[in-house]
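Note that the numbering runs from 1 along the sequence shown for the chain. These numbers come from the heavy atoms of this one structure, side chains and all, not from hydrogens, waters or symmetry mates. Just so it is clear, the model here is predicted, and its values are computed rather than measured.
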Amino acid sequence: MFRLLPFLALAAVVPATAADPPAKPAPHVTWKKTVLDRKFRSEGVAVADVNKDGKVDVLNGEYWYEAPDWTPHELQPPMDHKDGLGNYSRVFACWADDLNADGYPDLIVIDFPGVPCYWMENPKGGSGHWKKHQIWHSACNETPLYTDLLGTGQRVLVMGFQPEGKGPDANEGQMAYFTPDPNDPTAKWQMHPISEPSMPNQPVPGTFKFSHGLGVGDVNKDGRNDVVCTGGWWEQPAKADGKTPWAFHPANLGAACADMYVYDVDGDGVNDVLSTSAHQFGVWYHKQVAKPKQNEPAFQTVPLFGRLTSETHAAHFVDVDGDGLKDLVTGKRWWSHGRSEPGSSWDARIYWLKAVKEKDGFTNFVPMLIDDDSGIGTQFEVADVNGDGLLDIISSNKKGVRVIVQERK
């Protein structure tokens, strides 16, 4: 029986036998790339209708690019980040949302790991630089998330942080989610603990400045999202009051990675965890198995791709081709640490790994190339930018800023 195994290059699907039902042909997906900027501006990007003209624009913390001609407008005085070989940007991640309820999208910005994060206030579509408001004094873990953690339809900021006054290298972190102050959107946000604070010689996993790997999903299938890192997962309680830390379940969820997704890969009715290597080679799923004595879930790491591409420092789990199955979208964070990482000289590729469900419920992933000269950053977007109902790719990294539109031919 065909199963996902370690691969040295691309996966292959075993051809269907005569007894198998005929495969449903997928639409022919092609991609068209537009370069918005060839300068290294950021490694995070967002999309929103900035000026309320009905068109989706692109933002990266330094500029917003006005659709449809992608005219650049400064968000703040730009910096020269050179070619990125020996330096980094000041935007590792960003997301658009209307934070002050004035009808215009603002921008959340995660600066360099460990330093304060902030949001930028949209001048209601007007010109000029956007005013900054600090969210929190410390933003740790290189894959912070802005997501609907609590199932309320409202996104919250999920990340680790270090104690105030201790400095970004303290390694005394705590995992939490953050929400705006309901009385004053310009004030520091409210912190809601997910983990306990670190104790002496007992650091909280996933909360260091340069921690790698974070995700949100229902690990135990109780209908509530949990928070996942490589060292284990925090179980969301039946009633999250925003004040009480969640129960932590230690687990080995693989090597340093990027976004982590909870999904039943092998079709056994138990959720597993998908992840991609942030700085090495590798795409894996971590199979959830039961410990008979402790009755606690444990995980076994199963390699999916060994050397597809390296430095896959961000990923999305979305239905690219509209067949009802979520596909994994990832790619190379070009020159994540200059030329020091394995495969740093390889093409800056972006893939969508097409999900194919076998007869027994096992999900196979087949790599489909999106582009070979762009790559991703530490965070990128998958969204419909032109209103045709198809998901597109938006990225900003050391190769510049791009929109890659999905087409069907």
Side-chain angles (χ1 to χ4, degrees), residues 93 95 97 108 136 139-141 143-161 173-180 182 189-197 204-207 211 213-254 257-275 284-291 294-300 315-319 324-326 328 355 361 363 379 382:
W95 305 274
D97 203 355
I108 296 171
W136 201 244
C140 294
N141 192 305
T143 305
L145 304 171
Y146 188 57
T147 186
D148 183 9
L149 172 64
L150 305 175
T152 62
Q154 182 66 47
R155 290 182 290 175
V156 301
L157 182 59
V158 182
M159 63 185 186
F161 70 95
Q174 188 171 7
M175 188 64 68
Y177 70 91
F178 298 82
T179 58
W189 286 21
Q190 296 180 339
M191 187 275 286
H192 308 277
I194 293 173
S195 78
E196 298 277 0
V204 176
T207 64
S211 287
L214 196 62
V216 164
D218 186 1
V219 176
N220 56 356
K221 283 199 165 183
D222 63 358
R224 298 183 292 273
N225 282 329
D226 309 302
V227 174
V228 183
C229 70
T230 57
W233 57 285
W234 289 274
E235 181 180 352
Q236 183 174 160
K239 292 184 178 179
D241 60 11
K243 300 176 182 178
T244 307
W246 301 1
F248 183 65
H249 303 271
N252 182 358
L253 286 167
C257 62
D259 299 89
M260 305 176 77
Y261 292 100
V262 178
Y263 174 70
D264 182 7
V265 175
D266 51 12
D268 64 356
V270 179
N271 277 338
D272 311 303
V273 177
L274 278 162
S275 63
W284 316 278
Y285 90 94
H286 310 284
K287 175 179 171 59
Q288 186 176 161
V289 296
K291 289 183 179 178
Q294 297 100 321
N295 197 30
E296 283 280 352
F299 296 84
Q300 296 174 346
H316 284 268
F317 196 43
V318 293
D319 184 2
L325 295 176
K326 287 187 176 182
L328 192 64
T363 301
Q379 172 262 335
V382 179

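Within the 4.5 Å cutoff, no side-chain heavy atoms of Tyr261 are placed close to those of Lys326. Side-chain contact between Asp222 and Glu235: present, with at least one pair of heavy atoms (C-beta onward) separated by less than 4.5 Å. Residues Leu145 and Asp259 are in side-chain contact: their nearest non-hydrogen atoms beyond the backbone lie under 4.5 Å apart. Here the side chains of Phe248 and Ser195 are not in contact, with every heavy-atom distance at 4.5 Å or above. Side-chain contact between Asn220 and Trp233: present, with at least one pair of heavy atoms (C-beta onward) separated by less than 4.5 Å. Side-chain contact check for Asn225 versus Gln236: some heavy-atom pair is nearer than 4.5 Å. Within the 4.5 Å cutoff, no side-chain heavy atoms of Pro144 are placed close to those of Gln379. Looking at Lys287 and Asp268, their side chains come closer than 4.5 Å, going by heavy atoms from C-beta outward.
The heavy-atom pair separating Asp218 from Gly223 by the smallest distance is OD2-N, 2.7 Å. Nearest heavy-atom pair across Phe161 and Ala176 is CE2-CB, 3.9 Å. Minimum heavy-atom separation, Val158 to Leu214: O-CD2, 3.8 Å. Listed here is the closest heavy atom pair of Ser211 and Gly206: OG-C, 3.3 Å. When every heavy atom of Ser275 is checked against every heavy atom of His286, the shortest pair comes out as OG-NE2, 2.8 Å. Across all non-hydrogen atoms, the minimal contact from Asp148 to Thr152 is OD1-N, 3.0 Å.
Looking at Asn271, its side chain never comes within 3.5 Å of a backbone N or O of Lys221 through a donor-acceptor pair. Put simply, the side chain of Asn141 never gets that close to the backbone of Met159: no donor and acceptor are under 3.5 Å apart. Asp272 places a side-chain N or O within 3.5 Å of a backbone atom of Val265 that can act as its donor or acceptor partner.
Ring geometry for Tyr177 against His192 counts as parallel: the plane angle stays under 30°, on a 0 to 90° scale with 60° as the upper cut. Note on ring orientation: taking the six-membered ring where Trp is involved, the planes of Tyr263 and Phe317 are perpendicular (angle over 60°, cut-offs 30° and 60°). The aromatic rings of Tyr146 and Trp95 are tilted relative to each other, their planes meeting at an angle between 30° and 60°.
Atoms OG1 and CD1, on Thr244 and Ile194 in that order, are 12.5 Å from each other to the nearest 0.5 Å. With values rounded to the nearest 0.5 angstrom, Ile108 atom CD1 is found 12.0 Å from Phe178 atom CZ. To the nearest 0.5 Å, atom CE of residue Met191 and atom CG of residue Leu157 are 12.5 Å apart.
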Requested in this report: Would you please test Val228 and Val262 for side chain to side chain contact (heavy atoms under 4.5 Å, CB included) and show each step?
Outcome: CA-CA 9 Å; Val228 183; Val262 178; 4.0 Å; yes
